[in-house]
Colleague: 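My questions all concern the structure below.
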Amino acid sequence: MENKHEIYLDNAATTRTHPDVVSAMLPYFSLHFGNPSSLYSIARSSRTAIEEARRKVAAALGADEREIFFTSGGTESDNWAIRGIASAHGKKGRHIITTAIEHHAVLHTVEALEKEGFEITYLPVDEYGMVSPESVEEAIRPDTILISVMLANNEIGTIQPVQKIGEIARSHKIIFHSDAVQAIGQIPVDVRTMNVDLLSISAHKFGGPKGVGALFIRRGLRIDPLLYGGAQEQRRRAGTENVPGIVGLGAAIERAAAMMSEKAERMKKLRKRLIDGLLTIPKSRLNGHPTERLPNNVNIIFDYIEGESILLLLDANGIAASTGSACTSASLDPSHVLLACGLPHEQAHGSLRLTLGEETTEADIDYVLGVVPTVVQRLRDMSPLTPKELRTR
Amino acid sequence: MENKHEIYLDNAATTRTHPDVVSAMLPYFSLHFGNPSSLYSIARSSRTAIEEARRKVAAALGADEREIFFTSGGTESDNWAIRGIASAHGKKGRHIITTAIEHHAVLHTVEALEKEGFEITYLPVDEYGMVSPESVEEAIRPDTILISVMLANNEIGTIQPVQKIGEIARSHKIIFHSDAVQAIGQIPVDVRTMNVDLLSISAHKFGGPKGVGALFIRRGLRIDPLLYGGAQEQRRRAGTENVPGIVGLGAAIERAAAMMSEKAERMKKLRKRLIDGLLTIPKSRLNGHPTERLPNNVNIIFDYIEGESILLLLDANGIAASTGSACTSASLDPSHVLLACGLPHEQAHGSLRLTLGEETTEADIDYVLGVVPTVVQRLRDMSPLTPKELRTR
Amino acid sequence: MYSETVMDHFNNPRNQREIPDADGIGEVGNQKCGDIMRIFLKIHDNVIEDASFQTFGCGAAVASSSMATEMIKGKTLEEAWEISNKAVAEALEGLPPQKLHCSVLAEEAIHAAINNYLEKMGLEPWEEGEGSCAGCSGCGTD
Amino acid sequence: MYSETVMDHFNNPRNQREIPDADGIGEVGNQKCGDIMRIFLKIHDNVIEDASFQTFGCGAAVASSSMATEMIKGKTLEEAWEISNKAVAEALEGLPPQKLHCSVLAEEAIHAAINNYLEKMGLEPWEEGEGSCAGCSGCGTD
Ligand SMILES: Cc1ncc(COP(=O)(O)O)c(C=O)c1O
Ligand SMILES: Cc1ncc(COP(=O)(O)O)c(C=O)c1O
């Protein structure tokens with residue numbers, strides 16, 4: 001393989017942990033390694049480091065520090081939010097509203113609850129992957145205890161009208177959770193204006209380390225733990241704190257918040273260049289919303305060809321990308337998000353997701369725009385579905 | 001405070017992440033940062049690193065690599081083992097057997113299940129904190145689905161007859177879980193000779209990083225997930241893998257296993273010196289078993305004085321220790337372990353736990369033996385409980 | 001995740017073209033699984049003189065098609081019929097478990113093409129083995 | 001977790017001794033909570049001339065006892081009675097929320113010692129406020 005280039009365009013799957021973040025974490029492995037729950041002075045640094053990180057996360061989300069609870073990542077935050085509310089409020093009602101395009105960390109959790117007797121409403125989305133606030137309001141029943149709608153979709157980048165949905169939830173006194181894993185560092189997130197009660201984040205999506213995240217829990221909200229044990233995190237989330245990881249989360253979110261608006265502007269420019277260039281390929285279409293989308297997200301369908309093949313050929317050209325989502329290699333499923341947007345199966349298998357990052361340059365985009373058309377043509381020539389007029393042989 | 005010394009004797013709470021382990025982890029933050037689920041070549045390093053770590057953990061436990069599942073720590077492993085079995089086998093029966101001296105990650109999890117209609121038998125222990133295999137057998141009922149007995153206790157270090165308990169469990173076809181968090185790197189652990197179906201470990205207890213652990217799940221065992229979402233870990237544990245943490249776990253367990261027998265010999269000598277020295281203090285007693293105990297664990301009661309005060313004075317002398325367990329500062333509870341061993345409340349408040357580590361030297365022990373008697377005397381002079389003859393004023 | 005041979009056949013597919021005057025054409029697969037395979041055969045005196053393919057699908061599907069067409073060229077129809085999905089997968093130096101169905105597809109496509117030829121000739125089609133899309137399974141996302 | 005004043009009173013406790021010929025002795029606390037506090041008073045003409053303590057308990061309990069004895073020395077019984085747990089905690093520059101009950105214990109111990117004196121003198125004990133061990137709570141372990 002000609003690996004002259006190495007262009008990473010899969011920042012929705014994960015990001016490079018920024019070297020400054022790693023530097024911030026380093027002292028907490030071997031130097032300030034005390035268990036934050038311990039009394040003695042050498043544990044004080046771990047304790048204050050955690051509280052400092054909590055302040056940074058709270059500041060970035062417009063929350064109070066006592067509302068921030070550290071977890072092992074976005075998946076745990078989503079699981080905890082949903083299962084914790086179902087368990088604490090299940091006596092009041094057993095109906096949960098969510099959408100067809102949530103991340104599997106939400107969808108598979110509510111499916112598990114379904115087996116335990118909860119009823120789930122999966123709201124549809126329009127062709128742009130957008131949930132309508134009206135559909136939320138219509139779905140509310142007397143026994144609805146939770147609404148969970150993601151802030152921004154990980155595949156197509158569509159940004160949901162979460163503030164309006166939050167207002168509806170509040171006016172009906174229903175608890176509202178939002179998975180903001182993809183939004184942090186990309187668009188402003190403020191838990192008060194969003195009217196959310198619970199909000200999930202994951203550090204490795206914005207320059208922090210893998211294996212650490214947080215759940216915002218509004219002050220006064222009743223929620224059961226997901227992990228039982230020691231008295232950490234106000235007795236709500238047990239387990240020795242991942243001190244270096246938490247420090248990394250704090251450093252990363254502070255950094256991401258500081259550079260957000262500038263970065264977003266840059267991303268939008270690069271995104272436009274990339275989208276415009278790719279759409280010159282015949283029979284290609286943009287997935288997701290044209291404007292209400294994450295500044296770094298590009299998701300395109302090329303008719304007649306399949307996703308994995310595109311990725312393999314891009315990889316051979318030094319471009320790291322994904323189809324819809326960073327599936328495990330085990331995956332043969334079409335994207336549930338694209339299906340929900342109304343795409344037929346073969347197209348739901350064939351999208352190309354390119355998610356830009358702070359390191360992405362204009363030269364990268366131009367290189368990609370040089371490679372993709374060739375790759376698409378090559379696969380179209382190979383495909384039994386391609387019509388004659390699009391073949392070169 | 002006269003901090004000439006800094007002697008860390010709380011290795012049961014957490015250990016320093018060994019610098020070699022940190023070095024092994026470092027490339028996986030900013031260099032090989034790919035999402036292991038991704039297809040492209042730059043993610044290959046993350047993928048192979050995880051599988052390499054899995055092999056190391058499997059080798060250290062005598063398990064097959066496909067039986068090792070990475071988690072966010074000992075707490076998650078314990079929660080998953082218990083809740084996952086309760087959920088998958090709850091239709092067959094709703095009785096669980098455990099012991100009175102388990103870690104809270106086990107105890108509070110079964111308590112939560114109790115509220116959901118499970119019945120829990122908490123086996124008693126003898127004065128040394130030892131569970132009898134006979135009591136396990138007697139507690140078994142037709143609806144028993146799980147037995148959970150820790151391999152070694154975190155407060156008093158008592159090592160349980162887990163192999164015999166495993167044989168009993170197997171002969172009754174009941175699933176057997178053991179929390180081995182404190183045992184790794186201290187005593188040999190082999191899942192086959194132990195006859196366990198599930199076994200929990202946590203990296204930061206043996207020179208690895210905080211926030212990562214593993215659960216051994218015997219091949220073919222049916223268990224529900226605790227965290228739902230992506231298809232990671234054979235679809236059993238969702239969430240983007242904590243690649244650096246997992247690499248650290250692998251490096252740490254390999255290291256710990258290699259040096260174990262030599263270290264244990266050294267620990268036992270130091271432990272003997274420490275225990276013999278401390279027991280020359282009048283009205284002091286060793287908690288836990290005299291021989292069946294972790295090589296690095298010393299736990300002593302000094303009558304008439306309270307634990308936190310001891311710790312504060314030791315800390316002022318540069319010695320990091322704990323009472324019974326690394327309580328959060330919020331804790332005023334006596335140790336449930338010492339109560340289970342039959343100690344009265346005031347004594348269960350007053351134990352001193354010193355847990356040695358690979359860095360502990362003979363000089364450290366001698367320094368501690370110089371400090372502790374003074375501290376004890378000072379607090380006894382202060383205490384209304386101290387009899388006249390033990391007072392210096 | 002793929003062997004070098006798979007990647008070679010994916011990057012340099014053999015026989016990837018249409019045969020306009022094919023004697024037998026077989027198309028199998030299903031868009032739910034994301035794989036469609038079409039095999040073209042040129043047959044003379046019961047021997048496969050030429051074979052080619054078109055495939056919509058993942059790397060393993062492309063490589064399986066490529067390898068399968070290579071394997072059947074010069075074989076009698078009977079010999080070609082006997083080429084199992086296992087043989088294709090082995091010739092590719094293995095496929096990931098969840099991709100084994102791609103080699104099954106290749107076997108099925110060969111069978112379909114041979115039967116298409118037989119039918120055109122007014123002969124009884126041979127009996128098809130079990131086909132499957134059993135590899136289809138869930139997805140982990142980021 | 002403790003303020004400097006708490007640590008000072010813990011490390012250098014004031015009045016930590018027995019008064020063998022005390023006029024009033026008050027002991028409060030409970031072993032479940034892990035704190036027992038005993039206060040000794042020497043009283044002359046309604047004024048506390050000397051005060052001392054013995055305490056079994058945590059750092060906050062020791063510091064509260066120490067501070068409380070300092071605060072009541074030279075005070076009339078009425079003034080001493082009015083010293084609230086809040087005043088003790090404030091004088092210590094604050095206590096962690098879960099340790100506030102230690103200052104409550106100190107207040108109770110003063111009351112108990114005063115009432116013990118009053119009873120010895122054949123007088124009515126004064127009315128006790130609400131005591132509590134409400135701070136007792138669970139434990140996080142390693
Ligand atoms: C929208 C969304 N939610 C949740 C998650 C889960 O986060 P993690 O993999 O860090 O557990 C992800 C990414 O994986 C995501 O994109
Ligand atoms: C015996 C035992 N089990 C479980 C745990 C929980 O492990 P962690 O804090 O890493 O989640 C610990 C230590 O904290 C322990 O000592």
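The analysis underlying the following values was restricted to heavy atoms, covering all of them including side chains, and did not include hydrogens, waters or symmetry mates. In what follows, chains carry the letters A, B, and so on, assigned in the order in which the sequence lines appear, proteins first and then strands, with residues in each chain numbered from 1.
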Colleague: With chain B as the partner, which of A/I42, A/I246, A/V21 has the greatest number of non-hydrogen pairs under 4.5 Å?
Modeller: A/I42
Colleague: Side chain, backbone, both or neither: which part of B/A321 has a non-hydrogen atom closer than 4.5 Å to chain A?
Modeller: backbone
Colleague: Do the non-hydrogen side-chain atoms of B/L39 and A/T323 ever get within less than 4.5 Å of each other?
Modeller: no
Colleague: Say you draw a straight line from NE2 of A/H204 to CG of B/N35; how long is it, rounded to the nearest 0.5 Å?
Modeller: 6.5 Å
Colleague: For a side-chain contact (heavy atoms from CB on, under 4.5 Å) check, start with the C-alpha distance between A/E111 and B/Y228, then their side-chain angles and the critical distance, and finish with the verdict.
Modeller: CA-CA 9 Å; A/E111 281 162 18; B/Y228 290 89; over 6 Å; no
Colleague: Would you mind telling me which of B/G207, B/G211, B/G74, B/A320 has the largest number of heavy-atom pairs within less than 4.5 Å of chain A?
Modeller: B/A320
Colleague: In terms of heavy-atom pairs under 4.5 Å, which option from A/T109, A/V212, A/T75, A/N79 contacts chain B the most?
Modeller: A/N79
Colleague: Heavy-atom distances under 4.5 Å only: say whether B/L107 touches chain A with side chain, backbone, both or neither.
Modeller: neither
Colleague: Looking at B/F33, is its backbone amide N or carbonyl O close enough to the side chain of A/K210 to form a donor-acceptor pair, meaning the two atoms are under 3.5 Å apart?
Modeller: yes
Colleague: List, one per line, each side-chain donor-acceptor pair under 3.5 Å for residues 24-32 of chain B, sequence neighbours excluded.
Modeller:
{"unit_1": "B/S30", "atom_1": "OG", "unit_2": "A/T17", "atom_2": "O", "d": "2.6"}
{"unit_1": "B/H32", "atom_1": "ND1", "unit_2": "B/S45", "atom_2": "OG", "d": "3.4"}

Colleague: Shorter than 4.5 Å, heavy atoms on both sides: which option in A/S87, A/S202, A/P36, A/A112 has the most such pairs with chain B?
Modeller: A/A112
Colleague: Given that the side chain runs from C-beta out, which part of A/T71 has a heavy atom under 4.5 Å from chain B: side chain, backbone, both or neither?
Modeller: neither
Colleague: Is it the backbone or the side chain of B/E241 that comes under 4.5 Å from a heavy atom of chain A, or both, or neither?
Modeller: backbone
Colleague: Quick one: closest heavy-atom pair of B/G229 and A/H108, and the distance?
Modeller: O-ND1, 3.0 Å
Colleague: Drop me the distance from A/L9's CG to B/Y40's OH, to the nearest 0.5 angstrom.
Modeller: 9.5 Å
Colleague: Quick check on side-chain contact (heavy atoms from CB on, under 4.5 Å): which of A/T14, A/D10, A/L311 does B/S38 satisfy it with?
Modeller: A/D10
Colleague: Side chain, backbone, both or neither: which part of B/V22 has an atom under 4.5 Å from a heavy atom of chain A?
Modeller: side chain
